[in-house]
Amino acid sequence: MVPREGTEPVRLAFPALGDEELAEVRAVLESGALTMGPKVEELEGLVAAACGVEHAVAVSNGTAALHLAVLALGIGVGDEVIVPAYTFPATANVVRLAGATPVLVDVDPATFNLDVGKVYDAVTARTKAVLAVHLFGRPLDWEALQSAVPPDVALLEDAAGALGARWRGMPCGGLGAAGCLSFHPRKIVTTGEGGAVTTSDGELAASVRRLRHHGIDPSADIVEPSTNYRLADILCAVGIPQLRRLDELLAARTRIAEGYTERLRDVVDVPAADEGDTHGWQAYVIRLDRKEEALETLRAEGIEVQIGTYALHRLSAYRDQGLFPGADAAFDRALALPLHERLTDADLDRVAEGIARFA
Ligand SMILES: *Cc1c(COP(=O)(O)O)cnc(C)c1O
């Protein structure tokens, strides 16, 4: 539908790119080293520093990061991996792609994150890992997760939306055995498509590096065939200046989030991080009963709201795993509001006024 006359659409996302990114891309084009060049390592160094880990391996996208983290841990046929029932489907898809079984566990609809008490109940002798999500950038209570599973169960972070977020001061993407980041345009740092695996385990990093590049090992042999999940230098160049100003980018998103919270806290359920944590604000997702109506009407008015994410048990691929009332409540009520640094106070007023009509 066409927006009301005289009103500009309010975009859901808008990447924070400018002259610095242009200059970096230009330098890559002039260098002729378009892939497997020095920009990959430069980006990886910045990502590792941001997550407080020793190694980062740049890959084609966040889904590739998740896939390689699962493969590098040796997860395959006969293994179970616990995943939240409310998440972007890639979290579970990669487990299936590796030949293992994603075991859905319900979420707490108030935080959108795993209900850790239910993680404990879902662990079996086959459980190899928990692929835990910091959904929309809200840090999951990592200590609670750690105490819910036996020490031989690996904890992996789907930190696709949590670059910049901190759990008790510690960067997300650096909490588990490995972290998986995405640089999709709706994330805080974007390369268009891109991602990274973060870890302080040198062997795991070496495996991810090998699996990213056909399975070719340092002696030029292939023991385990893999695919090509590399990230081109051109794209790394786009991410580098953003990683350098990650604090600024997070401050800008936090300012928008606070602007929404001020306007909406008495109107709908608004998102927040736990006390002492730093929200990464990948998305600002409110909860309201009349979500469907709000979604349709506001979109028709040019306000690009979006669903939060998916309830996996409602997708054909993941049916018949039981009841997930938390994921249902999250899916039925979650609405993501426009979130990017170009939003003005007038935009925030307009979005908030739009939402208030459905509260
Ligand atoms: C964005 C996202 C992904 C997928 O990342 P891509 O780069 O789009 O492949 C996976 N999980 C979560 C939680 C995400 O937010």
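Each ligand, and each atom within it, is numbered from 1 in the order the structure gives. Just so you know, these numbers use all the heavy atoms, side chains as well, and skip hydrogens, waters and symmetry mates. For this chain, numbers begin at 1 and follow the sequence in order.
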Just the distances, no angles: every ligand 1 N or O to protein N or O pair closer than 3.5 Å, one line each.
from     : atom 1 : to   : atom 2 : distance (Å)
ligand 1 : 5 (O)  : S182 : OG     : 3.4
ligand 1 : 7 (O)  : G62  : N      : 2.7
ligand 1 : 7 (O)  : S182 : OG     : 2.7
ligand 1 : 9 (O)  : G62  : N      : 3.4
ligand 1 : 9 (O)  : T63  : N      : 2.9
ligand 1 : 9 (O)  : T63  : OG1    : 2.6
ligand 1 : 11 (N) : D158 : OD1    : 3.3
ligand 1 : 11 (N) : D158 : OD2    : 2.8
ligand 1 : 15 (O) : K187 : NZ     : 2.5

- Are any side-chain N or O atoms of R263 and backbone N or O atoms of G259, one a donor and one an acceptor, separated by less than 3.5 Å? yes
- Message: As a quick check of understanding, evaluate side chain to side chain contact (heavy atoms under 4.5 Å, CB included) for R244 and L46, giving each step before the final call.
- Response: CA-CA 7 Å; R244 288 203 195 106; L46 290 164; 4.2 Å; yes
- Determine the interplanar angle of the F331 and Y86 rings, folded into 0 to 90°, and report it as parallel if under 30°, tilted if 30 to 60°, perpendicular if over 60°. perpendicular
- Query: Is the shortest heavy-atom distance from the side chain of V83 to the side chain of Y318 under 4.5 Å?
  - Reply: no
- Task: For residues L22 and D19, determine if any side-chain heavy atom of one lies less than 4.5 Å from a side-chain heavy atom of the other.
- Result: yes
- Item | Sidechain N-carboxylate O distance under 4.0 Å for R166, D277 | no
